[in-house]
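Okay, so here's the structure we're looking at.
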Amino acid sequence: MSLALAQEIDSGASAGDAEAQFLRARQLEAEGKGDDAVAWLRRAARADHVGAKAALGYRLLAFPPFTVEEGTFWTVSAAHDGHAEAAHLVAVLSGTGLGVPQSWPTALIF
């Protein structure tokens with residue numbers, strides 16, 4: 001990634017652009033800065049960025065420190081917004097009862 005593009009993303013993220021926040025989180029994740037990435041994902045998710053909701057939910061459910069309640073919240077929100085990978089994860093969560101009541105009918109809907 002060019003320095004100019006990285007600076008543009010950083011500037012947009014700081015200014016509140018949800019897509020730039022999501023991209024900044026991805027940059028930080030690639031650099032191994034998971035905690036910083038989560039902070040940017042939270043900002044973008046709160047701004048209703050569907051990809052950020054799904055990524056945040058997955059991150060909180062799959063990587064320590066695990067936060068099942070918040071991870072489930074964001075994953076379900078992304079699934080309801082039409083994010084396919086989040087819907088798949090909600091189906092798995094519903095089938096196993098992790099973070100949501102165990103329900104095969106719900107799992108099969110997603």
Taking all non-hydrogen atoms of both residues into account, name the closest pair between T106 and S94 and its distance. CG2-OG, 3.5 Å

Rounded to the nearest 0.5 Å, what separation is found between the OG atom of S77 and the CG atom of L56? 10.0 Å

So, Q21 and H49: side-chain donor and acceptor under 3.5 Å apart, yes or no? no

Could you report the tightest heavy-atom contact between A18 and A44, atom names first, then the distance? O-CB, 3.6 Å

Shortest non-hydrogen contact from A86 to A79? CB-N, 3.6 Å

Taking the side chain as every heavy atom from C-beta outward, state whether R42 and E70 have any pair of such atoms under 4.5 Å apart. yes

Does CD belonging to Q102 count more than 12 external heavy atoms closer than 6.0 Å? yes

Could you tell me the separation between the CH2 atom of W104 and the OG1 atom of T96, rounded to the nearest 0.5 Å? 8.0 Å

Taking the side chain as every heavy atom from C-beta outward, state whether R46 and W74 have any pair of such atoms under 4.5 Å apart. yes

Rounded to the nearest 0.5 Å, how far apart are CG of L28 and CG of L23? 11.0 Å

Residue pairs fulfilling salt bridge (Lys or Arg N to Asp or Glu O under 4.0 Å) with at least one residue in residues 77-87, sequence neighbours excluded: K53-D81

Hydrophobic cluster identity match, Y58 and V100, side-chain contacts under 4.5 Å: yes

Any chance you could measure L89, atom CG, to T75, atom OG1, to the nearest 0.5 Å? 5.0 Å

Just verifying a value: how many Å separate L41 CG and R24 CZ, rounded to the nearest 0.5 Å? 12.0 Å

Would you say the side-chain atoms of S11 pair up with the backbone N or O of Q7, donor to acceptor, closer than 3.5 Å? no

Test item: T72 side-chain N/O and E69 main-chain N/O as donor-acceptor pair under 3.5 Å: no

Which is it for F66 and L61 under the side chain to side chain contact (heavy atoms under 4.5 Å, CB included) test, yes or no, and what are the steps along the way? CA-CA 6 Å; F66 304 105; L61 290 167; over 6 Å; no

Less than 4.5 Å apart, any side-chain heavy atom of E29 and any of R59? yes

With rounding to the nearest 0.5 Å, note down the distance linking CD1 in I109 to OG in S103. 7.0 Å

